[in-house]
Amino acid sequence: MRPYTHYLFDLDGTLIDSAPAILASFREAFARAGVAPVRAIDASVIGPPLVETLQLLAGSTDAGLIDALAGHFKASYDTTGYQATAAYAGVGEMLARLKGAGRYLAIATNKRLHPTGLILDHLGWGSYFDAVYALDRFTPRLPDKAAMIGRLVADEAVPRDGAVYIGDRSEDGESADANGLPFIATTWGYGSLTPADLKPHWQAVNTPAELG
């Protein structure tokens, strides 16, 4: 694998196993709202932004309902729920090696900015990242991950010929493509891409050590 100077990472399913914490807070949100979800609250719903996922689970776009569910979710996740987040084996060591080698590290995630910061500090990773971008970092909120990566690249003067985006979902690869960046798919997350899902110009790695 070629060495890059700038590593841009997705978060959920790529660096961290956040499913137990997120799913528990989703279940608590629906319980507090007294609403039954229309589909199973399982790992298949991890990845999209919060509002989009709540609309999927509620089977509704009613603003009042979604706002109430979002409030309950945040009350759970942003206080103690996020602490159930775990790093995938080998990720911390990989980040330390890359940072120690002088590489630029950044995060571009669909997760909200506030819990992202809490999780990075909880795992002791806060000092590894030169920039942390989320859709809600800006007002108005950025529309999608492709726009977020584009904003990060522009703001941070990230050289496209030395940078790579790393994630676990097709959306991640397509967002990298939209910005002219190479894409590396991780195979250990819950959004993992199979060989059949990979476009010819995408790469895949099976362990964090392959990145480090």
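Keep in mind that the numbers below use all heavy atoms, side chains included, and drop hydrogens, waters and symmetry copies.
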| request: Using atom types as modelled and distance alone, determine if a side-chain donor or acceptor of Asp121 lies under 3.5 Å from a backbone N or O of Leu118. | output: no
| request: Could you tell me whether the side chains of Asn110 and Glu52 share a donor-acceptor contact shorter than 3.5 Å? | output: no
| said: Check whether Arg27 reaches the backbone of Ile41 with its side chain - one donor and one acceptor, N or O, closer than 3.5 Å. | reply: yes
| task | Begin from the C-alpha positions of Leu95 and Val91 and carry the test side-chain contact (heavy atoms from CB on, under 4.5 Å) through to its verdict. | result | CA-CA 6 Å; Leu95 294 174; Val91 166; 4.0 Å; yes
| said: I'd like to check Lys199 versus Phe183 (side-chain heavy atoms, cut-off strictly below 4.5 Å). Are they in contact? | reply: no
| said: Ignoring hydrogens and geometry beyond distance, is a side-chain donor-acceptor pair present between Asn206 and Thr187 at under 3.5 Å? | reply: yes
| request: Over all heavy atoms of both residues, which pair between Gln83 and His122 is shortest? Give the atoms and the distance, please. | output: O-NE2, 3.3 Å
| query | What heavy-atom pair brings Pro182 and Ala176 nearest, and what distance separates the two atoms? | reply | O-CB, 4.1 Å
| query | Do we get Arg151 above Phe138's six-membered ring, with its NZ or CZ under 6.0 Å from the centre and within 45° of the axis? | reply | yes
| request: Write down the atom of Ala58, the atom of Leu69, and the distance for their closest heavy-atom approach. | output: CB-CD1, 4.0 Å
| field | Heavy-atom closest pair, residues Leu152 and Ala108 | value | CD1-CB, 4.2 Å
| said: Does either side chain, that of Asp130 or that of His6, offer a donor lying less than 3.5 Å from an acceptor on the other one? | reply: no
| Any donor-acceptor N or O pair under 3.5 Å, side chains Ser175, Asp172 | no
| query | Does a side-chain heavy-atom distance below 4.5 Å link Phe26 with Leu54? | reply | yes
| field | Beyond-backbone contact of Lys74 with Leu50, side-chain heavy atoms, under 4.5 angstrom | value | yes
| message | Check whether Asp12 reaches the backbone of Ile46 with its side chain - one donor and one acceptor, N or O, closer than 3.5 Å. | response | no
| Between Asp155 and Tyr133, a side-chain donor and acceptor under 3.5 Å | yes
| Is any side-chain heavy atom of Ile16 closer than 4.5 Å to a side-chain heavy atom of Leu11? | yes
| said: Go through it in stages, so that I can follow the logic: the residues are Tyr128 and Leu120, the test is side-chain contact (heavy atoms from CB on, under 4.5 Å), and I'd like the CA-CA distance, side-chain angles, deciding distance and then a yes or no. | reply: CA-CA 9 Å; Tyr128 289 155; Leu120 294 180; over 6 Å; no
| remark: Heavy-atom closest pair (Ala29 atom, His72 atom, distance to 0.1 Å) is CA-CB, 3.6 Å
| field | Rounded distance (nearest 0.5 Å) linking atom OG1 of Thr61 with atom CG of Leu65 | value | 9.5 Å
| message | Side chains of Lys111 and Tyr77 only: does a donor on one sit below 3.5 Å from an acceptor on the other? | response | yes
| message | side-chain contact (heavy atoms from CB on, under 4.5 Å) for Ile184 and Tyr165? Distances and angles first, verdict last. | response | CA-CA 6 Å; Ile184 297 176; Tyr165 188 64; over 6 Å; no
| said: Rounded to the nearest 0.5 Å, what separates atom OH in Tyr82 from atom CD1 in Ile119? | reply: 8.5 Å
| field | Short side-chain donor-acceptor distance under 3.5 Å, Trp202 and Asp177 | value | yes
| task | Say whether Glu28 and Ser76, considering side chains only, have a donor N or O and an acceptor N or O under 3.5 Å apart. | result | yes
| Out of curiosity, Thr186 OG1 to Leu211 CG, how far, rounded to the nearest 0.5 Å? | 8.0 Å
| query | Mind checking whether Tyr4 and Tyr7 have parallel, tilted or perpendicular rings, split at 30° and 60°? | reply | perpendicular
| task | Determine whether Leu142 and Arg137 make a side-chain contact, defined as any pair of heavy atoms from C-beta on separated by less than 4.5 Å. | result | no
| query | Can you tell if the side chain of Thr85 reaches within under 4.5 Å of the side chain of Asp17, non-hydrogen atoms only? | reply | no
| said: Between Trp188 (side chain only) and Thr14 (backbone N and O only), is there a donor and an acceptor less than 3.5 Å apart? | reply: yes
| query | Counting only N and O atoms by type, is there a donor-acceptor contact under 3.5 Å from the side chain of Asn179 to the main-chain atoms of Leu181? | reply | no
| query | So which heavy atom on Pro208 is nearest to which on Gly90, and how close? | reply | CB-O, 3.6 Å
| Does a side-chain heavy-atom distance below 4.5 Å link Asp10 with Arg169? | no
| message | With heavy-atom distances below 4.5 Å as the criterion, would you say the side chains of Val153 and Ile149 are in contact? | response | yes
| said: For the backbone of Ala134 and the side chain of Thr109, can you confirm whether one donor and one acceptor N or O come within less than 3.5 Å of each other? | reply: no
| query | How many angstroms lie between atom CG of Asp62 and atom CD of Gln55, to the nearest 0.5 angstrom? | reply | 10.0 Å
| said: Run the side-chain contact (heavy atoms from CB on, under 4.5 Å) test on Val45 and Leu57 for me, step by step, so that the C-alpha distance in whole Å, both residues' side-chain angles and the decisive distance to 0.1 Å come before the verdict. | reply: CA-CA 8 Å; Val45 304; Leu57 290 171; 3.9 Å; yes
| query | Cut-off 3.5 Å, side chains only: do Ser44 and Asp42 have a donor facing an acceptor? | reply | yes
